[in-house]
S.K.: 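Here it is, the structure, as structure tokens.
Scope of the values below: all heavy atoms of this structure, side chains included, with no hydrogens, waters or symmetry mates.
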Amino acid sequence: MAFSLAHQVGTLRGTPMVMVETGSAVRADPHSAPVSVWKPQAVDRRFRIQIGAGQAEIETAPAACPGGSTALLGLSAARDSPVVPEVAQLPEAEVREHLGGGGAVKGVPVFVMMPLDTVRPGGGLNRRKAMNASLMALKNTGVEGVMVDVWWGMVEKERPGEYDWRGYDEFMEMASRIGLKVQAVMSFHQCGGNVGDSVTIPLPNWVLEEMEKDPDLAYTDQWGRRNPEYLSLGCDALPVLKGRSPVQCYADFMRAFRHRFSHLIGSTIIEIQVGMGPAGELRYPSYPESDGTWKFPGIGAFQCYDKYMLNNLKTAAEAAGKTEWGHGGPSDAGGYNNWPEDTAFFRHDGGWNGAYGEFFLSWYSQMLLDHGERIVSSATSVFDSAGVKISVKVAGIHWHYATRSHAPELTAGYYNTRYRDGYLPIARMLGRHGAVFNFTCVEMRDGEQPGEAACQPEELVRQVAAAAREAGVELAGENALPRYDETAHEQIVKAAAGDSEKMAAFTYLRMGPDLFHPDNWRRFVAFVKTMAEDRGGSVDRCREMVEREAELSVHATVPLGEEAAAALTCA
């Protein structure tokens with residue numbers, strides 16, 4: 001999940017973009033800061049970039065600058081700039097190490113999220129040429145792989161049990177050829193309506209037809225507003241989709257995926273992230289942005305008013321001997337854009353901390369946990385012995401975290417308050433199935449947030465890390481917002497290193513033209529190099545050496561980054 005808040009993203013100074021073709025001369029940008037020069041020597045300055053194991057290599061060369069010096073990969077030359085070793089004169093193995101593929105990552109492997117519309121409806125890749133150039137550029141930074149959404153609404157679009165994998169066939173083969181690993185997201189949610197959603201991909205047509213017949217298949221709030229992003233978990237086990245239950249449909253989809261890509265699973269496809277709610281996250285759609293329903297930092301609203309959820313609540317209330325508690329959620333919890341102190345239920349001494357509040361919040365959060373357990377159990381069964389990791393994404397709901405009630409987390413289904421740890425039960429559930437706990441907002445700092453919203457993303461990340469550690473599950477991370485500045489990168493590196501255990505992986509949001517902007521690209525390449533460092537070893541490498549190697553990696557990947565930028569711009 002992500003929030004496009006101006007106060008959370010630093011302004012990045014732009015420079016003109018240089019567009020080149022691989023192997024062609026690169027013109028120096030006169031506005032770039034002087035970084036390094038090469039001494040002119042009568043040598044063949046071409047060097048090879050390895051695309052993947054056993055694959056062809058690309059030859060490229062720096063261009064001659066006026067005055068006889070050579071501009072290193074598009075960087076301007078200056079007499080007083082520091083000199084770095086020439087990549088062309090390094091041993092071949094060392095060149096390849098600086099360009100990625102030089103051995104296993106010692107630190108935290110970095111993946112990059114692909115665009116939401118990587119595969120187009122009807123099959124095929126969007127911007128095929130740009131995609132190929134972009135993936136090659138990512139590979140040669142040392143990036144471990146990419147994450148791609150596999151949309152239920154696109155693959156099983158027209159009829160149940162009929163799957164169209166054509167676009168994904170092409171993408172997986174391209175990633176395999178280039179030598180990138182793939183985190184495949186089983187995206188059982190709608191694309192569109194959340195921050196960062198640049199395209200609209202609804203649920204399958206035949207599912208929407210069933211939702212028209214039975215609107216209670218959709219999550220519903222107390223005002224009767226239906227949310228079509230994801231099927232209500234209240235009907236998880238009921239045969240409401242043409243004779244199958246939603247969980248059966250999810251399992252069948254994953255089984256078809258495994259059959260289709262069996263030749264790549266465990267080698268190229270090394271992780272399956274299982275979507276469990278809106279934006280692919282294990283949560284309720286409590287803060288929908290479409291049509292302005294919710295705006296940051298509103299507390300959101302409970303999503304338990306479809307007939308299936310209400311029937312379950314009624315049963316739970318009767319079992320507790322409190323039938324009066326079975327008619328719905330708290331009536332004094334306010335609306336989507338209220339703040340905790342605006343409501344009787346969420347204020348510091350509100351009903352959330354009373355007997356009814358404990359009953360309702362326990363039921364509401366347990367329903368979400370049971371939903372997660374059903375789907376992750378199906379996933380581990382389908383991919384048993386396939387050699388892939390199973391992961392689940394949990395939202396980083398950091399606003400109003402400093403209050404007692406943690407209202408936005410409660411409406412989303414995380415029973416986390418000042419007096420209760422809501423993430424340890426999730427971690428333990430994932431631990432029972434050996435799944436990875438994937439968490440967002442890793443790049444955020446407390447001081448970047450508006451003080452009145454009581455945000456504490458850093459403390460939230462620490463709490464989740466502690467829960468994962470106690471439950472013995474692997475923790476992975478993502479950034480919630482597109483960030484290309486060094487402040488965000490430093491925060492990610494710090495969080496990924498952990499207090500005692502480093503993250504299993506980090507996935508960077510997102511690949512696109514902004515990433516390949518020259519300034520952003522240089523910072524990103526250095527960030528990947530830094531993440532690759534083993535920061536938990538007994539001997540710390542000096543910062544100067546790390547920065548020197550990062551700079552060399554930047555120089556060596558600029559041509560591919562510029563080619564990717566040019567291809568994306570022209571696509």
Side-chain angles (χ1 to χ4, degrees), residues 2 4 17 19 21-22 51-52 111-141 143 145-158 162-205 229 253 256-257 260-261 264 268-269 273 275 279-280 478 482 484 507-517 520-521 524 560-571:
S4 302
M17 183 178 296
M19 299 181 182
E21 295 182 0
T22 303
I51 302 307
F111 292 77
V112 176
M113 295 185 199
M114 298 299 296
L116 295 169
D117 62 346
T118 292
V119 173
R120 64 172 180 261
L125 288 178
N126 274 319
R127 305 174 298 274
R128 183 180 292 102
K129 179 180 178 182
M131 192 72 63
N132 188 73
S134 300
L135 292 182
M136 288 197 300
L138 292 177
K139 170 62 180 177
N140 286 285
T141 65
V143 160
V146 292
M147 173 180 280
V148 64
D149 288 281
V150 183
W151 297 106
W152 185 30
M154 188 180 296
V155 174
E156 197 180 358
K157 180 179 181 179
E158 299 299 340
E162 293 186 9
Y163 307 99
D164 182 358
W165 302 106
R166 285 175 296 172
Y168 293 102
D169 285 333
E170 189 172 357
F171 176 80
M172 298 300 179
E173 293 297 338
M174 182 181 290
S176 177
R177 172 176 54 81
I178 291 172
L180 288 167
K181 305 298 184 184
V182 174
Q183 298 170 318
V185 183
M186 303 291 101
S187 296
F188 299 120
H189 62 285
Q190 167 189 291
C191 180
N194 289 297
V195 175
D197 287 354
S198 55
V199 296
T200 299
I201 304 172
L203 298 182
N205 290 339
E229 288 182 68
F253 184 90
F257 179 87
R260 181 71 170 210
F261 298 104
L264 296 176
T268 294
I269 303 170
Q273 185 173 109
E478 296 181 4
Y484 309 101
T507 304
Y508 193 92
L509 179 127
R510 172 182 315 273
M511 194 190 86
D514 287 344
L515 175 61
F516 295 108
H517 182 284
N520 294 345
W521 181 247
F524 173 74
L560 285 172
E562 289 174 338
E563 182 182 357
L568 286 167
T569 302
C570 297

S.K.: Does the side chain of Arg177 reach to within under 4.5 Å of the side chain of Asn132, using non-hydrogen atoms?
M.R.: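 Contact flag for Arg177/Asn132 side chains = yes.
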S.K.: Taking only residues two or more places apart in sequence or in another chain, which ones pass side chain to side chain donor-acceptor pair (under 3.5 Å) with Asn126?
M.R.: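 Partners of Asn126 by the side chain to side chain donor-acceptor pair (under 3.5 Å) criterion come out as none, since no residue qualifies.
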S.K.: Which residues satisfy the side chain to side chain donor-acceptor pair (under 3.5 Å) test with Tyr168, sequence neighbours excluded?
M.R.: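 Counting only residues at least two positions away or on another chain, Tyr168 forms no side chain to side chain donor-acceptor pair (under 3.5 Å).
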S.K.: Going by the rule side chain to side chain donor-acceptor pair (under 3.5 Å), which residues pair with Glu170 if we only count those two or more places apart in sequence or in a different chain?
M.R.: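 With sequence neighbours excluded, Glu170 shows a side chain to side chain donor-acceptor pair (under 3.5 Å) to Arg128, given in chain and number order.
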S.K.: Main chain of Leu116, side chain of Trp151: is a donor-acceptor contact present, judged purely on distance under 3.5 Å?
M.R.: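 Confirmed, Trp151 side chain pairs with Leu116 backbone.
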S.K.: Taking only residues two or more places apart in sequence or in another chain, which ones pass ring-ring contact (aromatic ring centres under 6.0 Å, His included) with Tyr508?
M.R.: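 Testing Tyr508 for ring-ring contact (aromatic ring centres under 6.0 Å, His included), a comparison that skips the adjacent residues, returns His489, Phe524, Phe527.
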S.K.: Looking at CE of Met511 and CE of Met114, how far apart are the two atoms once the value is rounded to the nearest 0.5 Å?
M.R.: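 Spacing of CE (Met511) from CE (Met114) equals 3.5 Å.
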S.K.: Find the distance between CG (Leu135) and CG (Asn140) and round it off to the nearest 0.5 Å.
M.R.: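 The distance works out to 11.0 Å.
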S.K.: Can you name the closest pair of heavy atoms from Leu203 and Trp152 and give their distance?
M.R.: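 Minimum heavy-atom contact is CD2-CE3, 4.3 Å.
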S.K.: What distance separates Asp164 CG from Met154 CE, expressed to the nearest 0.5 Å?
M.R.: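 Output value for this atom pair is 9.5 Å.
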S.K.: To the closest 0.5 Å, what do you measure between CE (Met113) and CZ (Arg510)?
M.R.: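 Answer rounded to 0.5 Å: 6.0 Å.
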S.K.: Test side chain to side chain contact (heavy atoms under 4.5 Å, CB included) on Val146 and Phe171; report intermediate values, then the result.
M.R.: CA-CA 11 Å; Val146 292; Phe171 176 80; 3.7 Å; yes
S.K.: Salt bridge (charged side-chain N to carboxylate O under 4.0 Å, His left out) with Asp514: which residues, sequence neighbours excluded?
M.R.: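 In terms of salt bridge (charged side-chain N to carboxylate O under 4.0 Å, His left out), with neighbours along the sequence ignored, Asp514 is linked to no residue.
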S.K.: For the backbone of Gly122 and the side chain of Arg166, can you confirm whether one donor and one acceptor N or O come within less than 3.5 Å of each other?
M.R.: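 Between the backbone of Gly122 and the side chain of Arg166 there is a qualifying donor-acceptor contact (under 3.5 Å).
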S.K.: Test of understanding: with salt bridge (charged side-chain N to carboxylate O under 4.0 Å, His left out), list the residues that count as partners of Arg120, not counting sequence neighbours.
M.R.: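 By the salt bridge (charged side-chain N to carboxylate O under 4.0 Å, His left out) rule, Arg120 matches no residue at all.
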S.K.: Got a sec, which residues hit side-chain contact (heavy atoms from CB on, under 4.5 Å) with Arg260, two or more places apart in sequence or on another chain?
M.R.: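 If we apply the side-chain contact (heavy atoms from CB on, under 4.5 Å) test to Arg260, skipping adjacent residues, the hits are Trp165, Asp169.
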S.K.: Determine the minimum heavy-atom distance between Ala175 and Val182, stating which atoms define it.
M.R.: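 Here Ala175 and Val182 meet closest at CB-CG2, 3.7 Å.
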S.K.: Output all residues satisfying side chain to side chain donor-acceptor pair (under 3.5 Å) with Thr118, sequence neighbours left out; order by chain, then residue number.
M.R.: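 For Thr118, no residue satisfies side chain to side chain donor-acceptor pair (under 3.5 Å) once neighbours in sequence are set aside.
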S.K.: Compare every heavy atom of Gly145 with every heavy atom of Leu180, then report the nearest pair and how far apart it is.
M.R.: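 Taking Leu180 first and Gly145 second, the nearest heavy atoms are CD2-CA, 3.9 Å.
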S.K.: Can you check whether Val185 reaches Val150 side chain to side chain, under 4.5 Å on heavy atoms?
M.R.: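 Answer no - side chains too far apart.
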S.K.: Indicate yes or no: at least one non-hydrogen side-chain atom of Ile201 is less than 4.5 angstrom from one of Asp149.
M.R.: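 No. Closest side-chain heavy atoms not under 4.5 Å.
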S.K.: I'd like to check Arg127 versus Asp117 (side-chain heavy atoms, cut-off strictly below 4.5 Å). Are they in contact?
M.R.: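 Yes, their side chains come closer than 4.5 Å.
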S.K.: Answer whether the closest heavy-atom distance between the side chains of Thr268 and Met172 falls below 4.5 Å.
M.R.: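 No, too far: nothing below the 4.5 Å cut-off.
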S.K.: Does some side-chain heavy atom of Gln273 sit less than 4.5 Å from a side-chain heavy atom of Thr507?
M.R.: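 Counting from C-beta outward, Thr507 and Gln273 never come under 4.5 Å.
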S.K.: Decide yes or no on side chain to side chain contact (heavy atoms under 4.5 Å, CB included) for Phe257 and Val155, but give the supporting numbers first.
M.R.: CA-CA 10 Å; Phe257 179 87; Val155 174; over 6 Å; no
S.K.: Checking Lys181 now: which residues fulfil side-chain contact (heavy atoms from CB on, under 4.5 Å) with it, not counting sequence neighbours?
M.R.: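 So Lys181 forms a side-chain contact (heavy atoms from CB on, under 4.5 Å) with Phe111, Glu144, Ile270.
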S.K.: Which heavy atom of Ser176 sits nearest to which heavy atom of Leu264, and what is that distance?
M.R.: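 Minimum heavy-atom separation between Ser176 and Leu264: OG-CD2, 3.8 Å.
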S.K.: Please name all residues satisfying salt bridge (charged side-chain N to carboxylate O under 4.0 Å, His left out) with Glu173, sequence neighbours left out, ordered by chain then number.
M.R.: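 Salt bridge (charged side-chain N to carboxylate O under 4.0 Å, His left out) list for Glu173, sorted by chain: empty.
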